[in-house]
J.: 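The structure under discussion is supplied below as structure tokens; questions concerning it will follow.
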Amino acid sequence: MNKLANMRHWPERMSPNFGMSRSSMGMPQIMHQPKIAPQGPPPISNPQPPDAMIHYTFNVHFASDLAGPDTEDILHSTTDAVLRWTHPEDAPDDVPVWQLPVHTQNVETLRRRCEDLTNNPMPIEAHVNATTPKNGRNQIVTVTLSGTADCVYKTRETILNETPSLMRCTHVDVDGHLVADLTEGRLKPSVTAFLDEVSKFCGVDIFLLGPKLTPLEDGLNGGLSMRRDQRWRVAIYGDHISAEHAKSRVLIKIDQLLGRIVDAVQIDLSVQPLLCGRNRKNIKQIESATNTAIYFPPCFSHAYGYCPPGALRRNPDEVFITGETPEAISQAKTRIHQILTTIRLFVKDVTIAMPKIDSILLGRMDKVRKIMETNSVFIMLPPLASRQGTIRFQGPENLHVERAIRELMSLAGQFYHASWWINQPDPRLLPSAQEIRALLSDVCANSDADIAFDKVAFTLTGSDEAVKEALQVLSDIKFVTTVQHQIRVKIELANEHKEFVSGKKNGKINKIMSHCNVQIVFDNFGEYNFNIDVLAHNYTSMKEGLTLVEQEMPASISFHVPDQYHKRIIGIGGQHIQRIMKKHSVFVKFSNAMDRGGMGRDDDDSRVDNVICRTPARNAQNLELVKTEILEMVDREDSEITTQTVNVDRLYHRQLLARLPEIEVLEKKYNCKISFPSTEQASDEVTVQGPQWQVPMCADEFLGMVPDKHEVVLEHSEPLVKFLESPEFLQNIVPKLKSQHEVQVSVHENTEDRAADAAPTVTLLWAFTRNNAGGLRDAMDFLHSQFATAGIEPVVIKGAIPRPRSDTFEEALQYFDSKILQHVAAPVATDAPATPTFGEDLVRERSNIFDRLRKPGSMSLSFLDRRKNSSYSATNSFFKGSTNVSKTSLISIESSRSFNADRNPWNDSGVNLPDDDNNPWGTSRVFEPNGLIHKLAIPMGGDSTPRHGTRHSGDSGRPSTSHSTNSGYPGPLSGPFR
């Protein structure tokens, strides 16, 4: 914003009579506004000549804060991937992420393209401006176009569809033995060749990384513990469409390495969401019945025109199927065909403002994808920057189509449209084109809103916060404030909230207009939404009036209450609910099964939000009070619906889906819903949703279906082997471990693993289910006590579990200077006398097998030594020190596990503390033996109430934005829009 200072002196160059007379022909209209005519009558405008010059500035979302991988984790990379995603050796240590070669190259390519556009015969000028905010974490790149309206919009479409915006990184976990020969210490040539081929075919950069090693803050005592995943990672960098394409091919290759057969079927893109069913219910049933995996293409590849040079797009109608046998794949195809023959199509077209469609395509596609999956509806969005305003909805039922339309229209309400008109400007005293471009670029960079100028008016589009921030910046420019002007902000809202906002006989709106000296007009258009136009003649009035209007807009939360409790809550004649509504000034609405479309529909309808609490945003703090008071009248087993996430290896999801009847019985038993991620996501997270008192029990029983194991390698000795082969161990100790600790132990002699003295080893294999993982340490302690009784001192080579700190006040002893209160030594990574600490063990393992995986070639150690990590990468927040790459290549694939089950000794009051970085005791993490994390709500002593993951309440009113809460809490009453 430093360039704005030069423009604040423009009024000194103007005559005193500039802009003081009101135009007799009304307010002007920007060039692209007439195309949105179907949404309502356009304002009175001055006719613009067809060749009028306009200036248009917009952001190019390069994702310049996307950091590359840690060079110490790289086993293999595709051609030039390391050069693009790491810093050179001579780069300073504090170099920011946005100076990575890949980001600087994208900006330079955009500059050259704009220079070519400026020098070509077309009447268009394109200028690129790259700025860095104060935090220095990312770079903001803006493009300013000057020319006729048609040329400007066509050029913008060309730039957005030829620029690799929306870059991202996606990961795929893979077992190490599938991609490397661990005995010989080398990567499989077929795997590296495949990654190189996928990189060229899809236009992405791919890295093969070692297992993750991250220090995690213990959820109870705040200590740091190391967690290492046994699986390796495939990191894919590229634009979001190409990255999804490459990810699908990598997942299919993993299935092939597992011995599965791959086939494909052609299904039209527009019916794929309908085939999947609501929440992919149909596909999960097919995969469960046939033991197959079905991979669908990205739903919105048609809306983005960018394709990397030399790459090919995935056929949007091609669906891949992998299975154990050809018969299983054939059976899956037959079931797909049966579903397709029974689908009925309901199609409806809806018109949305064109700038809002572009904003949705650039920043809200995750929410649109969620709408499609939830309602089983295909949403046909127009191509990016195509200036088309029609969206087509296609679904199997009219009810689902209407739900999807209303949710998307609610999403469109998150974006504002504003105009700042200058009345009767003197063309001789207007700023130069260069000054206008500098002004627009600064406003766009500091607000993230698109802004246009057409000699007499500024037009702004973007999210609500972005538009208000842009208006704040414009209000500091004397050129636009010293002359007579008019400001107009257009807010979009659902038709059902019109009376809610206006009040009885427009009382709310009339009070705001008289108090703030603004004009508010309700502009009816379309079937679903209407516009609230707020007009003012100065920024102060506009700011105050807009704030008051936003405070009158609906803030709402929705939650689920079983239908059988509705009469109890409402009371006789509605006396109970009326008392609650009057007490908190909140409107409450109940809906039953008939209101949601009748009985006999999907089981998902039994868990949808059927209670809506709505109030003006200024009273939003009472929403939670009303919700709490309503849920107090619901039995504990049917209390508030919450969500808990458990981590299960994604490949084991297939075995769980094969037991789908058992899972359905489990869901009915606890009135919960267990949801698996889609096959394309390749996620380990399984979601359990249901009443907050039932979810932990349902998750525990679900984890009882997931087997796990842990290996402990001991040094071979004659007394140890004799004890393990004795009848006492086999007939007494092993059954006792199974009955008391739910852990099964077996003994295996291993002649391959050797200790330091070359003696053979003995492996104890502990088998258990995930819900009994907490008993593993107790079982191992019990076995060690039996060893001690028999006079045996085993030497642990690998697999020792660190001993937890005792539940005492030992952490406080360091604050007392006393010789009696001795300090307790910090726990080491293992309690075995011959085993080093975890860090020493890590250094030793990182220097053996994985050093051999880096053979001379593209990933030589000397080459990686000359590259640097990004200064702001995630790993640097934990590991401090030199940014130079260590010669130890990768971490070991052997499992090193950490169990910390202590609680915070200072929180014994039963009060749940908030979850933040400084107070990690609100939610416990249970570290499973295979390195996965399972979030559980555990009482923190006293009579504390179990805590579960926060449930996101749906909002049927004005939707939240990326800068606001889900319940629509109002912004500040004073000060600038922030």
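Keep in mind it's a predicted model, so treat the numbers as computed, not measured.
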J.: Go through the steps for C276 and F296 under the test side-chain contact (heavy atoms from CB on, under 4.5 Å), then give the verdict.
T.: CA-CA 10 Å; C276 294; F296 286 89; 3.7 Å; yes
J.: Examine distances only and state if a side-chain atom of R233 and a backbone atom of G210 form a donor-acceptor pair shorter than 3.5 Å.
T.: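 At least one qualifying donor-acceptor pair exists.
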J.: Which atoms form the tightest heavy-atom contact between G395 and V377, and what is the distance?
T.: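 The pair with the smallest heavy-atom distance is CA-CG2, 4.1 Å.
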J.: When you compare the side chains of R314 and S301, does any donor N or O come within less than 3.5 Å of an acceptor on the partner?
T.: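 No, no side-chain donor-acceptor pair sits under 3.5 Å.
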J.: Does W98 offer a backbone N or O that forms a donor-acceptor pair with the side chain of S64 under 3.5 Å?
T.: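 Flag not set: sc S64 to bb W98 has no pair under 3.5 Å.
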J.: Between F393 and I379, is a side-chain contact (heavy atoms from CB on, under 4.5 Å) present by the stated rule, with each step listed?
T.: CA-CA 5 Å; F393 293 79; I379 302 177; 3.8 Å; yes
J.: Which pair of non-hydrogen atoms, one from Y237 and one from G68, has the smallest distance, and what is that distance?
T.: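 Looking at all heavy atoms of both residues, the closest pair is OH-C, 3.4 Å.
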J.: Please give me the minimum heavy-atom distance between T679 and A293, naming the atom from each residue.
T.: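 Nearest pair, atom of T679 first, then A293: CG2-CB, 4.0 Å.
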J.: Is there a side-chain contact between T155 and V143, using heavy atoms and a 4.5 Å cut-off?
T.: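 No. Closest side-chain heavy atoms not under 4.5 Å.
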J.: Just by modelled atom types, is the H177 backbone N or O under 3.5 Å from a matching donor or acceptor in the D175 side chain?
T.: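 No.
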J.: Any side-chain to backbone donor/acceptor pair from S199 onto V204? Under 3.5 Å, distance only.
T.: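 Yes.
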J.: Enumerate the residue pairs fulfilling salt bridge (Lys or Arg N to Asp or Glu O under 4.0 Å) with a member in residues 76-86, sequence neighbours excluded, ordered by first and then second residue.
T.: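 Pairs touching residues 76-86 that pass the test: R84-D205.
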J.: Side chains of Y295 and D255: closer than 4.5 Å at any heavy-atom pair?
T.: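 In contact.
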J.: Could you go step by step and tell me if T163 and N106 meet the side-chain contact (heavy atoms from CB on, under 4.5 Å) rule?
T.: CA-CA 8 Å; T163 303; N106 289 337; over 6 Å; no
J.: I need the M354 CE to T461 OG1 distance, nearest 0.5 Å.
T.: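 With rounding to 0.5 Å, CE (M354) is 11.0 Å from OG1 (T461).
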J.: Would the distance check show the side chain of N282 and the main-chain N or O of L275 forming a donor-acceptor pair, the cut-off being under 3.5 Å?
T.: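 Confirmed, N282 side chain pairs with L275 backbone.
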J.: Which pairs with one or both residues in residues 155-170 pass salt bridge (Lys or Arg N to Asp or Glu O under 4.0 Å), sequence neighbours excluded?
T.: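 Only R113-E162, R156-D358, R156-D450 qualify under salt bridge (Lys or Arg N to Asp or Glu O under 4.0 Å).
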J.: Judged by modelled atom types alone, do T142 and T57 share a side-chain donor-acceptor pair under 3.5 Å?
T.: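 No - no donor-acceptor pair under 3.5 Å links their side chains.
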J.: Determine whether a donor-acceptor pair (N or O, by modelled atom type, separation under 3.5 Å) exists between the side chain of T322 and the backbone of V262.
T.: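 Looks like no, no N/O pair under 3.5 Å.
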J.: Under a 4.5 Å cut-off applied to non-hydrogen side-chain atoms, are K188 and L257 in contact?
T.: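 With C-beta onward as the side chain, the pair stays apart.
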J.: Donor-acceptor pair, distance only, cut-off 3.5 Å: does the side chain of T78 make one with the backbone of I206?
T.: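 Yes, T78 side chain to I206 backbone: donor-acceptor pair under 3.5 Å.
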J.: Using a strict threshold of under 4.0 Å (side-chain N to carboxylate O), is an ion pair present between R280 and E680?
T.: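 The answer is yes: the pair qualifies as a salt bridge.
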J.: Below 4.5 Å, heavy atoms only, C-beta onward: do I236 and H171 meet side chain to side chain?
T.: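 Answer no - side chains too far apart.
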J.: Which of parallel (below 30°), tilted (30 to 60°) and perpendicular (above 60°) describes H240 and Y304?
T.: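 Rings of H240 and Y304: perpendicular, as their planes differ by over 60°.
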J.: How long is the span from the CG atom in N129 to the OG1 atom in T131, to the nearest 0.5 Å?
T.: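 Reported to 0.5 Å precision, the distance equals 5.5 Å.
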J.: Measuring from K367:NZ to T374:OG1, what's the distance to the nearest 0.5 Å?
T.: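 Output value for this atom pair is 13.0 Å.
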J.: For R437, does its backbone N or O pair with a side-chain atom of S441 as donor and acceptor, under 3.5 Å?
T.: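 Not a single qualifying donor-acceptor pair exists.
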J.: Mind checking whether Q105 and V102 have side chains closer than 4.5 Å, heavy atoms only?
T.: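 When only atoms from C-beta onward are counted, V102 and Q105 do not touch, as no gap falls below 4.5 Å.
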J.: Atom OG1 of T687 and atom CZ of F676: how far apart are they, to the nearest 0.5 Å?
T.: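 Rounded to the nearest 0.5 Å, the OG1-CZ separation comes to 10.0 Å.
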J.: Give a yes or no answer on whether the side chain of Q272 reaches the backbone of I267 with a donor-acceptor pair at less than 3.5 Å.
T.: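 Looks like yes, one N/O pair under 3.5 Å.
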J.: Under the side-chain hydrogen bond (donor to acceptor under 3.5 Å, both in side chains) test against D684, which residue among R231, H653, R650 passes?
T.: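 Single side-chain hydrogen bond (donor to acceptor under 3.5 Å, both in side chains) partner of D684 among R231, H653, R650: R231.
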J.: With a 3.5 Å distance limit and no angle check, can you tell me whether E287 reaches the backbone of L657 through a side-chain donor-acceptor pair?
T.: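 Side chain of E287 to backbone of L657: no pair is present.
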